[in-house]
2 protein chains.
Amino acid sequence: MREFIEITKALSDSNRVRLLCALRNGELCVCQLIELLGLAPSTVSKHLTILKHARLIECRKEGRWVFYRIDEIASPDAKKALDLVFGCVSDSDEILRDDRKMVEILKIGREELCRKTELKE
Amino acid sequence: MREFIEITKALSDSNRVRLLCALRNGELCVCQLIELLGLAPSTVSKHLTILKHARLIECRKEGRWVFYRIDEIASPDAKKALDLVFGCVSDSDEILRDDRKMVEILKIGREELCRKTELKE
DNA sequence: ACTTCATTTCGTTAATTGGCGAAGTATAGA
DNA sequence: TCTATACTTCGCCAATTAACGAAATGAAGT
């Protein structure tokens with residue numbers, strides 16, 4: 001039960017659901033997820049920690065970058081929960097909009113993307 | 001997305017998950033659910049309202065009593081979510097304990113149960 | 001009509017949560 | 001070794017939430 005509640009709590013915020021959906025097509029760097037959500041880096045990092053703690057995602061370090069992806073060896077409950085998420089919201093307006101935005105984000109290189117974040121305003 | 005978040009928020013509290021599981025074998029009266037959870041009537045009522053608003057349960061009035069049950073005509077998302085709940089926690093210790101307690105509660109009649117609530121302590 | 005009783009609504013309180021910016025950590029490059 | 005950079009942790013604030021008891025609602029029995 002405790003594990004299940006941890007999973008549902010993780011899923012009970014739309015920004016976290018957006019993060020999971022963004023990762024459903026493969027791993028992404030934190031800076032790309034920050035750009036997608038348009039939130040402060042610290043906020044995005046916190047959301048990622050919550051998803052990771054619920055064992056829905058895992059991460060990998062490569063130099064200065066950290067890549068997150070859907071947890072390949074997620075628990076049975078986590079796997080079922082991920083299926084639910086993707087089954088319910090994959091074709092929602094919000095997620096389709098995110099998908100389109102991510103295409104644009106991927107066109108920019110990671111290096112340029114991070115520099116761009118600094119230039120904002 | 002909004003509907004989905006409303007569902008996951010509803011599922012992100014263990015008392016509400018316990019309520020759903022209690023109802024998975026058929027409808028129950030509020031007084032029986034109060035006895036099961038051991039919480040204040042107003043608290044249980046609020047939890048039921050949240051579950052109902054997420055379209056996971058529905059209710060029926062019969063005289064002074066109100067019976068709740070799993071929503072038979074739940075939305076596709078709600079149905080999938082209910083499957084997830086039952087698939088993940090039906091055989092957890094907490095729910096098995098609740099199942100046993102409910103057998104005892106059902107032995108007491110509703111009338112006696114409500115009177116018993118007053119006699120507490 | 002009046003009372004009783006099952007449930008809900010309201011108001012309050014303590015705890016949790018989502019957001020941010022500042023400070024901290026760790027890695028790459030000069 | 002010093003700086004820049006990518007991310008995380010910490011400390012704070014505003015908003016939300018779970019809990020309760022008191023008051024309101026509404027149906028039955030007297």
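Note on naming: letters A, B, ... go to the chains in the order of the sequence lines (proteins, then strands), and numbering restarts at 1 for each one.
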Shortest non-hydrogen contact between [X] and [Y], atoms and distance:
X     : Y     : answer
A/I5  : B/S12 : CG2-O, 3.8 Å
A/K80 : B/G87 : NZ-O, 3.5 Å
A/C21 : A/V85 : SG-CG1, 4.2 Å

Measure from the side-chain heavy atoms of [X] and tell me the nearest of [options].
X     : options               : value
A/C29 : D/dA19, C/dT8, D/dC7  : D/dC7
B/D13 : D/dC7, C/dT8, D/dA18  : D/dA18
B/T49 : C/dG21, C/dG18, C/dT9 : C/dT9

Whole angstroms only, please: what is the [atom1]-[atom2] distance between [X] and [N]?
X     : N      : atom1 : atom2 : value
A/K52 : D/dC7  : NZ    : C1'   : 12 Å
B/I50 : C/dT9  : CD1   : P     : 12 Å
B/I34 : D/dA19 : CD1   : P     : 13 Å
B/L37 : D/dC20 : CG    : C1'   : 15 Å
B/R18 : D/dA18 : CZ    : C1'   : 14 Å
A/H53 : C/dT16 : NE2   : C1'   : 16 Å
A/E62 : C/dA28 : CD    : C1'   : 13 Å
A/K46 : D/dG11 : NZ    : P     : 12 Å

Does [N] have OP1 or OP2 sitting under 4.0 Å from an N or O in the side chain of [X]?
X     : N      : answer
B/R16 : D/dA18 : yes
A/Y68 : D/dT8  : yes
B/H47 : D/dT17 : no
B/T43 : D/dC20 : yes

| message | Checking side chain to side chain contact (heavy atoms under 4.5 Å, CB included) between B/L51 and each of B/L56, B/D13, B/I70, B/D71, which is the one that passes? | response |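 The side chain to side chain contact (heavy atoms under 4.5 Å, CB included) with B/L51 is passed solely by B/L56 among B/L56, B/D13, B/I70, B/D71.
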| query | Are a donor atom and an acceptor atom from the side chains of B/E3 and B/S75 found within less than 3.5 Å of each other? | reply |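 Their side chains do contain a donor-acceptor pair, which is all the 3.5 Å distance test asks for.
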| query | If each of A/S42 and B/V44 is mapped to the nucleotide of DNA chain C with the nearest heavy atom, which maps nearer the 5' terminus, i.e. the 5' end? | reply |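 Mapping each residue to its closest nucleotide by heavy atoms, the 5'-most match is B/V44.
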| task | Hey, which sits more toward the 5' end of DNA chain C by its nearest nucleotide, A/R64 or B/C59? | result |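 With B/C59 and A/R64 compared, the 5'-side residue is B/C59.
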| message | Under 4.0 Å, heavy atoms only, any strand: does A/L39 hit a base, just the sugar-phosphate, or nothing? | response |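 Contact class for A/L39: sugar-phosphate only.
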